[in-house]
Amino acid sequence: MPLLGGIRPPIALLCLLILALAGLTAKVLGPAGEPAVPKAVLSSQQYFAQDGAIALRASIDERVTDLNRTAAALKAGEPADPERVLSDLSRTYQKWTGTTVLDLESGKVLAARGETIPLAWLDKDVLTGENALTPRMVRLQTGDVRLMTMALLDWKDRPQQLLIASNSLSVPAINLGPFRSMAVVARGGEVLATAGFERAEALNSDAERSELSFLQKQMTRLSEQAAKETEQDPVSAREPGSRGYPGVSGTLLGDSYNGRIATAGYASLASADPEQRQSVGAGLGLTVVAMLPVVQEQAAGQERELYGLVAAGVLVIFGLVAAALLWMAVQRPLLGLFLESRRLARGDLTRPVAVPRWGEAARVGAALERLRGQLSDGRAETSSGKATGRRGRLGLRVPLALTAALLLLWCVPVGLLLNRTDASVSVPNTMVNDQRDRTDLVADRVRRALNEAQADLVSISRLIDADDPDATRGVLDDALRKHTRYGSLYVVDEGDVVARAGAEPDSAWSEDEEGDSLVRVSGEGGKKPVIQAGAAVPDHKGMTLVGEVRVEFLNSLLNRPGLGEVRVVDTKARTIAASDGFLAFEGLPRESLTDLVRAGSVRVGAGPVENGLLIREGRSVTVAAAAPFSGGGVAADIGWTVVSWQNAKHFEIAPYEREDRSVLAGMLGLALIVVCLGWIHLVVVRPLRALASSAEKLADGDLKTVLYPRYHDEVGAVVRSLELVRQQLQARRQNQARRSAEPRLGAGGR
């Protein structure tokens, strides 16, 4: 018999797969010794570090872009006094710790604002070559590190001037939440800045100071590890299944102290789109590390391990019964037919054929017995002469169905009933806090983006010449090419559009809006909201530069992994932007989310605060958070809120992981049934049913139909034996016809 043919291989494979599945079940269904920190908590720290890295990179890139844009606008106009340059710069953008204008020819400082900027780092390499005017990190005498950004001011018939602005490489101004700390780390693991640590002098006990010292040491050690990890190539360093972040990111586990273990996520600064836009911040080699001490979970009880062992033992028993059933009902009768047919083909007709009791094997055995009688006494029997065996319609399908039903008795309960979860699942409080803090971070990103959009309009408005429409359109076209956040830019003079770039304005800009907000939303009843930002054109009363911010731009700011569905809603909880598809100004899908938004908008103390909660409805648990706009800028008071929610089933916590493992075990059992029993049906049952029909026709006297074996297995061997029997019967019939014809010829000759 060929090694991979016949009935033996699928039954052997079934036994092996059942044993393998039993071993896997015993290992993964509720084992003891689960991790001290759930994977969901570690992943959340990684996402938090990614958010911090994105915020820091965007902040650095925006500062560089703003400085270059200001320098380009100044060079396009008349020469300006250095003091006025710095005054206008600080009035438009409040983001630099110090600014300086330097005469490159004489090296003299022409004007300075803010903290003193040291100039010893300026050399030929900084001002010339391929990396000229590239931002540099410079350490001050105080030990602090500053990022120096430079832009060249070049007017005709005047010496060149260098505009320098310094920024502190501090942790992004985001809500870290309770107990979390964050650090900005340079190449080599040096910690440049930290946030979230309490001051030692503010603590009241030696135990608190000892814990603070422990956490600071952990941050230093984990930062060194993170810096080494981020030196890898992003593609080769990416863990299987991770996606969405272009840089290197991951998680680290530190030591434990007082029952809490230090967990950290890290992320390198990476360009938002490396193929289309190079990032200055991404080229600095910085890494953001977010650390959070988490209460260490107790290992699961031994009863969980028994669940897996019991399920595996039941599967082994069912598998042995199924294999025995297939052996008795399929393999043994088929092998008996193979031996009997080969005996008849060799001419051994002394013993009667051992006919199986039922099914296709019984039909083939009965046909073989009739063929043995025909070969032994030479009489051709018809179908009405003797019984042809039991012609059951189901036949061998019955044992296959019984085997499948037996294995389904294990697969269905394990996949659908074992380790099932409901609304009583305990979700770590860390996940709720992280959902709230990350939602607040997204709200801060959206608010800053709107503030930047309005600040850009202020900068552009100074270049507009109201008396030259062609020049104004050129300025608007150039600005639209540089700023992808706008769908259209246009100048409005007393309600009339006098110059435009980009798409047709979707909404009019009215000067009598209540409160005269510089960021507005309109377009109710249309296909999408219309978000507008405006800036008054200097020296032209009633003239306003308006930019319509693309909704797609805001949507891109909301799409963050591990945060679920995120939406921006207005004061009436109507949707303005979303990470997924939405209808303009539609309400939130749940009343509980609307109540959460309203609760977050209530002023408490200095203003509204972010909120997070668990929503238990039916059998599901939802983690939701709402963060109203707060902080500075023109977008702080428009009353918008960022709300996010996600099903807790997506968290990698023990109850849901056990449920997923149970479902996986059930699905693997179903796959086992389909593969092995399907193999037996295709290779054995169907050919055997065809063989039974052919054998009965042959026994009924059909000697003309040649029998061709399709498979080199037991069924094929029986077909070959039947073909030999057919040839013997055909030869016997021809001989009988020849002998009966010879006497007639002799009688005619007398």
Side-chain angles (χ1 to χ4, degrees), residues 1 5-12 14-15 320-376 381-406 676-700 702 707 709-726 729:
M1 284 305 111
I7 186 60
R8 293 186 182 94
I11 295 180
L14 177 66
C15 296
L320 292 176
V321 174
L325 179 61
L326 291 176
W327 179 79
M328 294 178 61
V330 182
Q331 179 174 332
R332 185 178 178 183
L334 183 57
L335 293 178
L337 291 178
F338 162 68
L339 296 175
E340 293 291 343
S341 63
R342 188 170 63 174
R343 178 171 65 84
L344 295 183
R346 290 201 306 261
D348 185 359
L349 308 175
T350 56
R351 298 193 321 270
V353 174
V355 180
R357 294 183 178 181
W358 63 283
E360 290 86 352
R363 293 168 57 190
V364 176
L368 288 175
E369 174 60 21
R370 294 168 59 196
L371 292 172
R372 186 187 71 83
Q374 295 176 26
L375 289 172
S376 61
E381 299 178 354
T382 61
S383 59
S384 60
K386 288 188 178 181
T388 58
R390 299 171 186 169
R391 297 175 176 268
R393 292 186 177 181
L394 297 177
L396 291 182
R397 295 177 184 177
V398 174
L400 290 185
L402 291 177
T403 303
L406 186 63
C676 295
L677 300 187
W679 186 359
I680 294 175
H681 182 267
L682 292 176
V683 175
V684 177
V685 175
R686 284 208 312 180
L688 190 58
R689 291 176 68 86
L691 171 60
S693 298
S694 300
E696 289 174 345
K697 290 180 181 179
L698 178 59
D700 290 340
D702 182 9
L707 303 178
R710 296 185 179 180
Y711 303 98
H712 297 285
D713 55 10
E714 293 91 346
V715 177
V718 175
V719 173
R720 286 193 294 270
S721 298
L722 285 177
E723 173 60 19
L724 294 176
V725 171
R726 185 193 69 83
L729 289 174

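This chain uses plain numbering: 1 for the first residue, then up along the sequence.
When every heavy atom of V355 is checked against every heavy atom of E369, the shortest pair comes out as CG2-CB, 4.5 Å. The shortest non-hydrogen separation linking I680 to P10 is CG1-CB, 3.5 Å. Here the closest non-hydrogen pair linking R372 and P352 is NE-CA, 3.5 Å. Annotation for L698 and R726: closest pair CD1-CG, 3.5 Å, computed over non-hydrogen atoms. The shortest non-hydrogen separation linking A329 to P399 is CB-CB, 3.6 Å. When all heavy atoms of A361 and L688 are compared, the pair lying nearest together is N-CD2, 4.4 Å.
Between L722 and L371, the closest side-chain pair of non-hydrogen atoms falls below 4.5 Å. Side-chain contact between E714 and I7 is present, with at least one heavy-atom pair separated by less than 4.5 Å. Residues L368 and S341 have side chains in contact (heavy-atom distance under 4.5 Å, counting atoms from C-beta outward). Proximity of V685 to R689: side-chain heavy atoms (C-beta onward) are separated by under 4.5 Å at one or more points.
No salt bridge links R720 with E723; every basic N to acidic carboxylate O contact stays at or beyond 4.0 Å. A salt bridge links R370 with D700: the distance from a Lys NZ or Arg NE/NH1/NH2 to an Asp or Glu carboxylate oxygen falls below 4.0 Å.
A donor-acceptor contact shorter than 3.5 Å links the side chain of Q374 to the backbone of A699.
To the nearest 0.5 Å, atom CG of residue L14 and atom CG of residue L677 are 6.5 Å apart. For the atom pair L349 CG and L375 CG, the distance stands at 5.5 Å (nearest 0.5 Å).
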Q: Could you walk me through whether L400 and L326 pass the side-chain contact (heavy atoms from CB on, under 4.5 Å) test, one step at a time?
A: CA-CA 7 Å; L400 290 185; L326 291 176; 3.8 Å; yes

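Under the side-chain hydrogen bond (donor to acceptor under 3.5 Å, both in side chains) criterion, Q331 pairs with no residue at all, not counting sequence neighbours.
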Pairs of donor and acceptor atoms involving the side chains of residues 332-340, under 3.5 Å and at least two apart or interchain, shall be tabulated with distances.
residue : atom : partner : partner atom : Å
E340    : OE1  : R343    : NE           : 3.2
E340    : OE1  : R343    : NH2          : 2.5

